[in-house]
Every structure is written in structure tokens, then in C-alpha cells.
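Before any comments, here is the structure.
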Protein chains: 2
Amino acid sequence: MSDNGRVPTNKPDTEPAAQREAKPTAKKKPQVTPSPERRRELLDTAAEVFAAQGYNATTVRKIADAAGMLAGSLYYHFDSKESMLDEILSAFLTELWEGYDAVLAAGLGPRETIEALVTESFREIDRHRAAVAIYQKESRTLSAQPRFHYLSDSQQKFEKAWLGTLERGVAAKVFRADLDIRLTYRFVRDTVWVAASWYRPGGQHSPDEIARQYLSMVLDGIALRPT
Amino acid sequence: MSDNGRVPTNKPDTEPAAQREAKPTAKKKPQVTPSPERRRELLDTAAEVFAAQGYNATTVRKIADAAGMLAGSLYYHFDSKESMLDEILSAFLTELWEGYDAVLAAGLGPRETIEALVTESFREIDRHRAAVAIYQKESRTLSAQPRFHYLSDSQQKFEKAWLGTLERGVAAKVFRADLDIRLTYRFVRDTVWVAASWYRPGGQHSPDEIARQYLSMVLDGIALRPT
DNA sequence: TAACCTACCAAACACTTGTTAGGGAAGTGA
DNA sequence: TCACTTCCCTAACAAGTGTTTGGTAGGTTA
């Protein structure tokens with residue numbers, strides 16, 4: 001994606017902890033225990049609204065509307081609008097890196113690694129369309145905030161994985177050596193992730209088919225060459 | 001770009017008109033005449049802030065800060081935050097279409113047309129980086145508003161030009177016929193315009209050099225093929 | 001029945017938002 | 001000197017913002 005890095009700090013762990021203990025130093029959230037299923041539901045609708053309107057343009061009242069409740073009621077489940085965003089993004093990144101790490105650990109050749117990463121990316125777009133769209137729009141500004149520093153971490157790890165693979169490919173003479181490698185990296189990265197802005201699940205092509213055609217274009221180009 | 005269409009309605013003309021006449025039916029803006037140069041200056045700083053923070057996250061007070069004045073003072077030059085955005089985007093689109101129309105009228109072959117359009121696009125990104133970034137982030141949501149309907153118009157015209165050229169190229173056997181043409185369109189379109197998110201003028205590569213390498217990747221792919 | 005918990009509502013809070021109204025200082029032209 | 005214009009400031013406005021507080025209906029457990 002256009003701005004990413006380390007595998008996210010395991011938010012899903014730190015937060016339930018805060019709920020369980022309810023230390024006297026922690027100011028908010030008494031010992032209520034909202035169900036995780038309902039939280040997931042609400043996060044999904046929140047993600048849709050964020051993706052459609054943009055995070056800042058989305059009011060908590062709009063989210064509540066979409067969820068069929070009043071604004072204040074959201075605060076039974078979450079302690080702020082920001083932490084909804086946080087949970088949406090970190091959940092997405094956690095799952096993304098599960099897939100990526102598996103690919104990177106498989107010991108494939110450079111070309112096959114790129115193919116697997118692209119395919120995996122389109123599958124993530126398919127599964128987390130809203131989260132990816134939010135990430136695309138907001139990550140640049142968010143990563144300045146300490147709370148969302150894990151976005152920068154992820155971005156760095158992301159760049160290392162892709163750039164490294166491309167460099168391996170150049171060394172192994174499977175990728176062209178006459179291109180600026182960082183330009184190539186941004187090219188491949190962006191072409192994949194912008195797709196989240198137009199992709200709709202259940203469309204004409206499956207994620208794997210889109211990945212196949214994208215890879216064909218990126219690797220071999222769109223020009224017809226004489227046989 | 002990712003969401004575009006017709007050449008913008010000539011805003012630059014309708015508005016000075018409204019100022020000159022000052023009809024009794026027009027509610028606001030008395031007969032003051034702010035200098036166009038100062039307006040341009042302020043629009044440039046506003047565009048930078050919009051691009052950096054996002055339109056909705058940008059308060060008029062932040063713009064005023066960046067311009068070294070107070071929020072209310074902006075309303076001497078503009079009648080709303082929204083009309084600043086309007087002017088930024090329509091000025092950009094006007095210039096963009098000047099370049100595009102010249103290319104399309106030149107009667108080039110399909111491949112040469114794509115090359116010229118891509119090169120022109122990177123030059124526009126170089127000149128209107130902020131406006132392009134704003135356009136990328138906000139056009140999807142804005143085009144729903146009647147005021148910004150010219151964004152949809154531009155998007156349609158844009159798609160027609162690029163898709164038509166690609167189809168001509170397939171018919172002329174200079175582009176591959178085995179790809180989904182709409183996928184190809186989005187691929188080429190997005191690869192070009194996302195560049196606005198990372199491009200900084202005065203960087204390592206000139207716009208023309210970036211265009212050259214991008215074209216090389218898009219047309220011939222990044223894979224090294226046996227000679 | 002009583003106690004308790006979950007999930008929401010009703011109503012307000014302090015603050016920020018875009019915008020406006022009434023100036024006033026500095027310059028220009030007569 | 002006077003009138004006028006340009007450009008900004010001060011101070012406020014109403015609406016909308018995220019968030020909190022104190023409930024309460026309905027279910028579950030004892």
C-alpha cells in the first residue's frame with residue numbers, strides 16, 4: 001500500500017486487558033463487557049462509512065445512524081471515534097501480515113514472490129475493501145500521531161519486503177536492471193492498492209483473476225510485441 | 001485520474017461577472033474588488049494545506065494561519081471554504097484539458113497518444129501537485145454535490161479519451177488483445193495519477209524522466225525477457 | 001421476587017466549526 | 001485635506017462536533 005510498515009502492535013491484546021483489570025489509574029470505561037460480536041458488527045458498518053465519506057467527514061452520528069442507534073450509544077462499545085479507526089486499521093494490518101509473512105517465508109524465487117504478494121494483496125482488498133480504502137486515504141496524515149505510529153512501522157516493513165524482492169530479481173536477471181528500482185517499487189505497490197478505490201466484491205472478475213491480469217501487465221507490459 | 005470527466009464549466013468567467021454586476025438578487029459580496037494576484041497566492045497556500053491534511057480536516061483557521069492572517073480575513077477574498085476548493089480544482093482541470101485536448105487533436109497513433117498523455121499528465125502533476133492530490137482524495141465524494149458535478153463530467157471525458165485510445169491500439173495490433181480493456185484503462189490511469197501522492201518537485205527525476213520510465217514499465221513490463 | 005447485566009436512549013456538556021458584521025489602518029487620487 | 005479603496009482585524013454568531021452522565025427496558029441468574 002502507499003504508506004505502511006511493521007506488523008501492528010497487538011492492539012487486540014492490550015485493550016481487553018485494560019477492560020479486565022480496570023486499574024484505578026485508568027480514568028474511563030467501568031466494568032462493562034460489550035460483546036465482541038456486536039463490536040465487530042459496529043466496526044464493519046463504521047468502516048463502510050469511513051471509507052465512503054472519509055474519516056474526518058464522518059460524524060459519530062452518521063455511524064450511529066448506519067448502525068440504527070444513537071450517537072451516545074456507540075460509547076458503550078468504544079471509548080472514542082479514534083479508537084474505532086484504530087481497531088479497524090490494526091485488525092486489517094494484522095491479517096495482511098499473516099498472509100505476507102507466509103509468502104515471504106515460503107522461500108520462493110523473486111518473480112514467484114512478487115506474484116504471490118500481488119495475489120495475496122488482491123485477496124486482502126477483497127476481504128477488507130473498506131479498511132484498505134481508509135488506509136489509503138488517511139494513513140499519510142495518521143502516521144504522524146503517536147497512536148498510529150504502527151502505520152509507519154508497517155510501511156517500512158512493507159517497503160523492505162517488496163524492494164528486497166525486486167532487488168533479488170534484478171540480481172537474478174529476472175527483472176530489468178535499467179529501471180530506477182524505487183520507482184519500480186512505487187509503481188507496483190500503487191497499481192495494486194489503488195484498486196481498492198474501484199474494486200467491488202462480486203464484480204465481473206474475481207480477485208485472483210484481477211491479480212492475474214495485473215501481474216501480466218506489470219511483468220510483460222501492455223504493448224503487443226512481434227513474435 | 002481516478003475520477004474525472006468533462007472540461008470544467010468556465011468558473012473563472014462566471015465569478016468575476018457576479019462581482020462586477022452585483023445584482024440586487026445576489027445576496028452576498030458587496031462591491032469589493034480583491035486583487036487576483038492575492039487570491040492566487042491564498043489559493044496556493046490553501047491548496048497545500050488541503051493536500052496535506054485533507055479538505056474536511058482543514059479548518060479555515062489553519063489556512064489563515066498558513067497565510068499569516070486571521071480566519072475571518074479570508075472572507076474578504078472568498079465567500080466560502082468550499083469555493084476555495086472549487087476554484088483550485090476547476091483551475092487545475094482547465095489547464096489539464098488544455099494539454100490533453102492539444103494531444104488528442106494532434107492525430108497521433110494510439111501508442112504515441114498514450115505516450116503523450118502520460119507525459120502530459122506527469123507535467124501537470126509537477127505543476128499542480130497539490131491540486132492533483134486533493135482531486136485524488138476528494139473527487140469521489142465531491143462529485144455527488146451539484147456544485148462539483150463538473151468533476152464527473154471531466155471523469156467521463158477522461159475515460160472516453162483513454163479508453164478510446166486503448167481500443168484503437170488493440171485494433172491496430174499495437175496493444176495486447178488478451179487483457180480486459182477496462183482493467184487496462186484503470187491500470188494505466190491509476191499508475192499515473194497516484195504518483196501525485198509521493199512526487200515532490202525538485203526531486204531526483206524530472207517529470208519527463210518519470211514519464212519515460214513509467215511508460216517503459218507499462219508498455220514493456222518489468223520482467224527481463226530473453227533476447 | 002430480587003439482584004444483576006447487557007445494550008441502548010435522552011439530554012446535555014464544552015468545544016470547534018464556517019461565517020458574518022463592524023470596524024480601522026494604510027495607501028491613492030483629487 | 002477629504003473621500004475612497006484595499007486588506008486585514010476583533011468579536012461574535014449559530015450550527016455541528018465528540019463525548020459524558022444518568023437513566024431504563026429486557027433478559028438472565030439465584
Side-chain angles (χ1 to χ4, degrees), chain A residues 16 18-20 22 26-46 49-50 53-88 138 141-142 145 147-148, chain B residues 16 18-20 22 26-46 49-50 53-88 138 141-142 145 147-148:
Chain A
Q19 282 175 211
R20 264 185 266 109
K27 321 153 224 212
K28 303 185 182 180
K29 282 277 151 187
Q31 63 285 23
V32 291
T33 329
S35 92
E37 295 82 19
R38 187 65 176 131
R39 283 173 63 91
R40 253 295 130 219
E41 259 181 64
L42 293 173
L43 283 178
D44 284 347
T45 72
V49 188
F50 284 154
Q53 325 241 358
Y55 174 71
N56 285 288
T58 301
T59 70
V60 293
R61 282 166 239 269
K62 281 184 196 167
I63 301 175
D65 269 12
M69 54 199 268
L70 292 183
S73 307
L74 284 172
Y75 289 78
Y76 170 71
H77 299 275
F78 311 97
D79 46 77
S80 71
K81 177 189 173 188
E82 197 182 72
S83 62
M84 293 187 219
L85 178 64
D86 193 353
E87 259 186 80
I88 291 168
E138 317 287 350
T141 36
L142 286 178
Q145 290 178 246
R147 174 169 198 172
F148 291 95
Chain B
Q19 281 174 214
R20 264 184 265 111
K27 325 156 221 212
K28 302 185 183 181
K29 280 279 151 187
Q31 63 286 22
V32 292
T33 329
S35 93
E37 295 82 20
R38 186 65 175 130
R39 283 172 64 90
R40 254 295 129 220
E41 260 182 62
L42 292 173
L43 283 178
D44 283 348
T45 70
V49 187
F50 284 154
Q53 325 241 359
Y55 174 71
N56 285 289
T58 301
T59 70
V60 294
R61 282 166 239 269
K62 280 184 196 167
I63 301 174
D65 269 11
M69 54 200 271
L70 291 183
S73 308
L74 284 172
Y75 289 79
Y76 171 72
H77 300 274
F78 311 97
D79 44 78
S80 71
K81 177 189 174 189
E82 197 182 71
S83 62
M84 293 189 219
L85 178 64
D86 193 352
E87 258 185 80
I88 291 168
E138 318 287 350
T141 37
L142 285 178
Q145 291 180 246
R147 174 169 198 172
F148 292 95

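We name chains A, B, ... by the order of the sequence lines, and we start the count at 1 in each one.
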D:dC8 P sits how many Å from B:Leu74 CG, rounded? 9 Å
Closest-nucleotide 5' rank along DNA chain D - winner of B:Leu42 and A:Ala57: B:Leu42
Atom CG of B:Asp79 to atom P of C:dG18: distance rounded to whole Å? 15 Å
With sequence neighbours left out, what residues match A:Asp44 under salt bridge (Lys or Arg N to Asp or Glu O under 4.0 Å)? A:Arg40
Under 4.0 Å from OP1 or OP2 of D:dC7: is there any side-chain N or O of B:Tyr76 that close? yes
Does B:Lys81 make a cation-pi contact with B:Tyr75 (under 6.0 Å, within 45 degrees of the axis)? no
Can you see if the side chain of A:Ser73 gets near the phosphate of C:dA7 - specifically, an N or O under 4.0 Å from OP1 or OP2? no
Rounded to whole Å, how long is the line connecting atom CG of A:Asn56 with atom C1' of D:dG18? 12 Å
Please tell me if B:His77 has a side-chain N or O lying less than 4.0 Å from either OP1 or OP2 of D:dT6. no
Rounding to an integer number of Å, can you tell me how far A:Glu37 CD sits from C:dA7 C1'? 14 Å
Partners of A:Thr45 by side chain to side chain contact (heavy atoms under 4.5 Å, CB included), sequence neighbours excluded? A:Ala67
Please state how far atom NZ in B:Lys81 lies from atom P in D:dG16, giving the value in whole angstrom units. 15 Å
If you compare every side-chain N and O of A:Ser80 against the phosphate oxygens of D:dG18 (OP1, OP2), does one of them come in below 4.0 Å? no
Measure from the side-chain N and O atoms of A:Lys62 to the backbone N and O of A:Phe50, and report whether any donor-acceptor pair falls under 3.5 Å. no
Could you list the residues that satisfy side-chain hydrogen bond (donor to acceptor under 3.5 Å, both in side chains) with A:Ser80, not counting sequence neighbours? A:Ser83
Let me know the distance between CE of B:Met84 and C1' of C:dT17, rounded to the nearest Å. 13 Å
Would you say B:Tyr75 places a side-chain N or O within less than 4.0 Å of OP1 or OP2 belonging to C:dT20? no
A:Ser35: what forms a side chain to side chain contact (heavy atoms under 4.5 Å, CB included) with it, not counting sequence neighbours? A:Glu37, A:Arg38
Just to verify, what does B:Arg61 make a side chain to side chain contact (heavy atoms under 4.5 Å, CB included) with, not counting sequence neighbours? B:Thr59, B:Ala71
Residues in residues 60-70 of chain A with a heavy atom under 4.0 Å of DNA chain D, by number, are A:Val60, A:Arg61
Output the single nucleotide from D:dC7, D:dC9, C:dT17 whose closest atom is nearest the side chain of B:Thr59. C:dT17
